[in-house]
Protein chains: 2
Amino acid sequence: MTVTIKDIAKVAGVSYSTVSKALNDSPLVKEMTKRKILRTAKEMGYEPNLAAKQLVRKKTEVIGLIWPTIERIVLATLVTNISKAFEETPYSMILSVDTHETAMDTFKKFQVDGMIVFEETNSTAITQENIPIVAYGVSGNAEPSYPIIDANHEDSMHQAVGYLHKLGHEKIAYVGHIDTEDTLQLEKVEGYQNAMEQHGLDKETLTIDTAGLDWFDGYTAVEKVLSSKNKPTAVIGGSYDISNGILRALQEKDFQIPEEISLISYDNIPQMETTEIPMTCIGVPVQILAEEIVHAIIKRIETDEETAQVHKLFPTLTERHTCGPAPAH
Amino acid sequence: MTVTIKDIAKVAGVSYSTVSKALNDSPLVKEMTKRKILRTAKEMGYEPNLAAKQLVRKKTEVIGLIWPTIERIVLATLVTNISKAFEETPYSMILSVDTHETAMDTFKKFQVDGMIVFEETNSTAITQENIPIVAYGVSGNAEPSYPIIDANHEDSMHQAVGYLHKLGHEKIAYVGHIDTEDTLQLEKVEGYQNAMEQHGLDKETLTIDTAGLDWFDGYTAVEKVLSSKNKPTAVIGGSYDISNGILRALQEKDFQIPEEISLISYDNIPQMETTEIPMTCIGVPVQILAEEIVHAIIKRIETDEETAQVHKLFPTLTERHTCGPAPAH
DNA sequence: CATAAAAATAACAACGTTGTTATAAAATAT
DNA sequence: ATATTTTATAACAACGTTGTTATTTTTATG
């Protein structure tokens with residue numbers, strides 16, 4: 001027997017409509033009775049019935065997040081952070097691990113107020129629903145019909161290169177997945193190469209392909225890095241996983257970090273703090289990314305402006321213990 | 001303007017209660033009118049309102065799955081499979097990535113019909129809700145108040161050892177995370193050791209600790225495996241990730257697989273098919289695991305028997321290309 | 001051809017809320 | 001003291017379904 005506002009009304013000796021107002025903190029009910037009602041509601045263990053509310057309000061205050069195919073830790077962290085960010089708002093979040101279509105159906109069934117979509121490299125034509133959508137990543141899309149939140153990868157690389165250069169490094173390698181269709185990866189490499197050029201540094205021999213995005217790919221790439229005739233004094237790892245691989249390999253080869261070689265990782269997630277050596281990193285902090293996404297979808301829902309545009313967030317460089325001045329040679 | 005049963009009624013020229021019955025395929029309405037109603041409903045693009053249904057039915061036909069802290073690919077695959085398994089049923093699944101408590105609150109708010117909980121090593125006392133629960137994994141709990149679905153790890157190892165032994169292997173190593181509090185891992189090692197004993201094989205020098213569960217841990221452990229004076233001809237990898245690491249390391253050292261060394265991996269997920277060399281593996285196929293979990297929660301919901309018990313599922317050995325007869329020595 | 005029985009449909013009260021309108025009580029002005 | 005405004009509470013109609021009961025229509029029966 002769940003307790004309803006009618007039950008509360010009986011106990012508190014008022015009408016159920018008054019209870020409803022009291023629970024919604026309406027100014028139409030006297031402060032004293034409001035308090036009394038709230039108290040008895042609590043005592044009786046009242047839990048509002050979402051379905052009933054939804055039926056009249058037409059709002060669910062629920063956002064659906066379409067979780068892409070199983071992904072790397074960075075995305076998982078982002079999901080967690082988004083979920084947390086929603087806790088500050090009246091909205092809750094539910095997840096679906098299905099395909100875009102099935103997930104959309106489920107979410108429509110639930111009548112979610114909005115959806116967050118993690119775009120895959122090739123954005124499957126998101127059927128033009130009349131439901132607010134915000135996408136994360138892949139801003140290649142020229143004329144999106146919904147806002148896209150993305151990180152400014154170009155700027156990340158500029159900051160990373162600039163930072164290392166200021167520390168005296170001239171041979172700065174980029175180790176990441178290069179030979180790919182993946183726009184995200186390509187943007188990073190391009191950013192790196194542009195930055196190197198601007199700083200008047202040689203990039204040709206220092207762009208190293210991991211041919212993959214896993215830890216292991218970073219690990220094995222270190223061989224290539226070290227065998228290069230143009231041995232770098234600093235390395236930019238293309239992702240959290242890759243950088244972890246690099247770090248391990250470097251450690252195993254007894255390199256002093258950061259004395260002998262500096263390492264900076266792309267991605268800015270809390271886990272960077274707890275790597276073997278806490279890693280200096282560059283990227284939009286997930287927390288900010290999450291907040292921005294949450295903010296965007298809520299704005300999209302609550303105002304009906306058609307603000308379909310790409311938001312490029314600026315990264316921040318977080319200094320930890322894997323970068324130091326270039327070794328004297 | 002969403003279309004309701006009343007709208008359909010008007011168009012079809014019947015009462016809305018008849019429409020309701022027709023849509024629910026009730027025998028109380030004539031076949032002909034039923035067809036007509038169904039047709040107009042479709043034409044008008046009718047979508048039932050879950051909230052309204054829920055309000056009167058008291059059932060949501062939704063299951064909440066509490067997604068544990070960021071996990072390995074095997075668990076992610078399980079989640080995907082569970083989601084798929086629900087597609088065959090009237091139920092849908094939603095996910096929460098929050099802590100047990102917050103997730104439970106969200107799910108209660110949605111009035112889910114049941115919950116699936118991935119138990120963590122130390123099952124946080126799942127507050128005794130009056131909502132059906134089914135847990136996956138960790139059957140250490142002596143007197144659970146809800147069914148627990150788990151794999152029979154002991155038997156997995158028996159099968160693996162038996163299989164390899166039959167192929168002529170006598171030096172069979174187990175490479176996994178051993179020195180841990182993790183019950184799951186411990187059960188695997190114990191299973192291996194018991195099996196070895198039963199087969200009269202030496203296990204002492206062949207139980208190798210990876211000290212971790214990552215790809216890399218398997219990769220590095222191979223050194224230990226090879227440096228052992230008692231070099232094994234077959235290796236049982238403790239998990240998908242670990243086995244992948246082992247496989248890579250073995251490949252890099254130019255071992256012929258399975259001619260020179262056999263490898264069998266714990267876990268039975270489709271991804272085993274697409275490793276560098278398709279891997280022979282032992283474990284309860286995720287699909288079956290998923291189906292069993294889905295079945296258990298639905299049964300729990302639909303019958304009110306108090307069947308709180310541990311279900312240990314039996315593993316199957318899937319032969320692929322990493323195991324072969326022991327090399328003649 | 002009435003009449004009872006069966007079959008098909010319609011009417012209506014739930015479900016637990018919210019929001020609007022009506023009424024009662026209290027406060028203020030005349 | 002009475003009329004008038006203000007404030008507080010109560011009543012009630014939605015919302016879109018389902019399930020039960022009431023009514024109509026059809027079919028079978030004597």
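Reckoned from all heavy atoms, side chains included, excluding hydrogens, waters and symmetry mates. The shown structure was predicted, so the numbers you read here are calculated from the model rather than taken from an experiment. Chain A is the first sequence line, chain B the second, and so forth, proteins listed ahead of strands; every chain is numbered from 1.
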May I ask you to evaluate whether [X] reaches the phosphate of [N], defined as a side-chain N or O under 4.0 Å from OP1 or OP2?
| X | N | result |
| --- | --- | --- |
| A:Lys58 | D:dG16 | yes |
| B:Thr33 | C:dT9 | yes |
| A:Thr18 | D:dA8 | no |
| A:Ser15 | D:dA10 | yes |
| A:Asn24 | C:dT18 | yes |
| A:Tyr46 | C:dT17 | yes |
| B:Ser20 | D:dT18 | yes |

Nearest 0.5 Å, please: how far is [atom2] in [Y] from [atom1] in [X]?
| X | Y | atom1 | atom2 | result |
| --- | --- | --- | --- | --- |
| A:Ile66 | A:Glu101 | CD1 | CD | 9.5 Å |
| A:Tyr136 | A:Glu292 | OH | CD | 12.5 Å |
| B:Ser20 | B:Leu28 | OG | CG | 11.0 Å |
| B:His295 | B:Thr89 | NE2 | OG1 | 11.5 Å |

Open item on the list: Return whichever of A:Leu23 or B:Lys34 has its heavy-atom-nearest nucleotide of DNA chain C closer to the 5' end.
Closed with: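 Taking each residue's closest nucleotide, the earlier one in sequence belongs to B:Lys34.
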
- [ ] Using the closest heavy atom to pick a nucleotide of DNA chain C for each, name whichever of B:Val29 or A:Pro48 lands nearer the 5' end.
- [x]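 Here B:Val29 is the residue nearer the 5' end.
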
- [ ] Have a look at the helix from C:dC1-D:dG30 to C:dT30-D:dA1 and give the angle its two end axes make, five pairs each, rounded to 10 degrees.
- [x] 60°

Rounded to whole Å, please give me the gap between [atom1] in [X] and [atom2] in [N].
| X | N | atom1 | atom2 | result |
| --- | --- | --- | --- | --- |
| A:Gln111 | D:dC15 | CD | P | 14 Å |
| A:Ile5 | C:dG16 | CD1 | P | 10 Å |
| A:Ile8 | C:dG16 | CD1 | P | 12 Å |
| A:Ile37 | C:dT17 | CD1 | C1' | 15 Å |
| B:Lys53 | D:dT18 | NZ | C1' | 10 Å |
| B:Leu55 | C:dA14 | CG | P | 13 Å |
| B:Asp25 | D:dT18 | CG | P | 13 Å |
| B:Asn49 | D:dT17 | CG | P | 5 Å |

Indicate yes or no for a side-chain donor-acceptor contact from [X] to the backbone of [Y] under 3.5 Å, with no hydrogens or angles considered.
| X | Y | result |
| --- | --- | --- |
| A:Asp113 | A:Glu61 | yes |
| A:Asn24 | A:Ser26 | no |
| A:Thr80 | A:Ala76 | yes |

Task: Donor-acceptor pair under 3.5 Å, B:Lys21 side chain vs D:dT20 base - done: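 Indeed, a donor on one side and an acceptor on the other fall under 3.5 Å apart.
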
Open item on the list: My understanding is that only one of B:Val62, B:Thr60, B:Ile63 makes a side-chain contact (heavy atoms from CB on, under 4.5 Å) with B:Tyr91; could you say which?
Closed with: B:Ile63

- [ ] Report which part of the nucleic acid A:Thr4 touches: base, sugar-phosphate, or nothing (heavy-atom distance under 4.0 Å, all strands).
- [x]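 Sugar-phosphate: the residue A:Thr4, judged by heavy atoms under 4.0 Å, touches backbone atoms but no base.
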
TODO: Would you classify B:Leu28 as touching base, sugar-phosphate or nothing, given that sugar-phosphate means primed atoms plus P, OP1 and OP2, and contacts are heavy atoms under 4.0 Å?
DONE: base

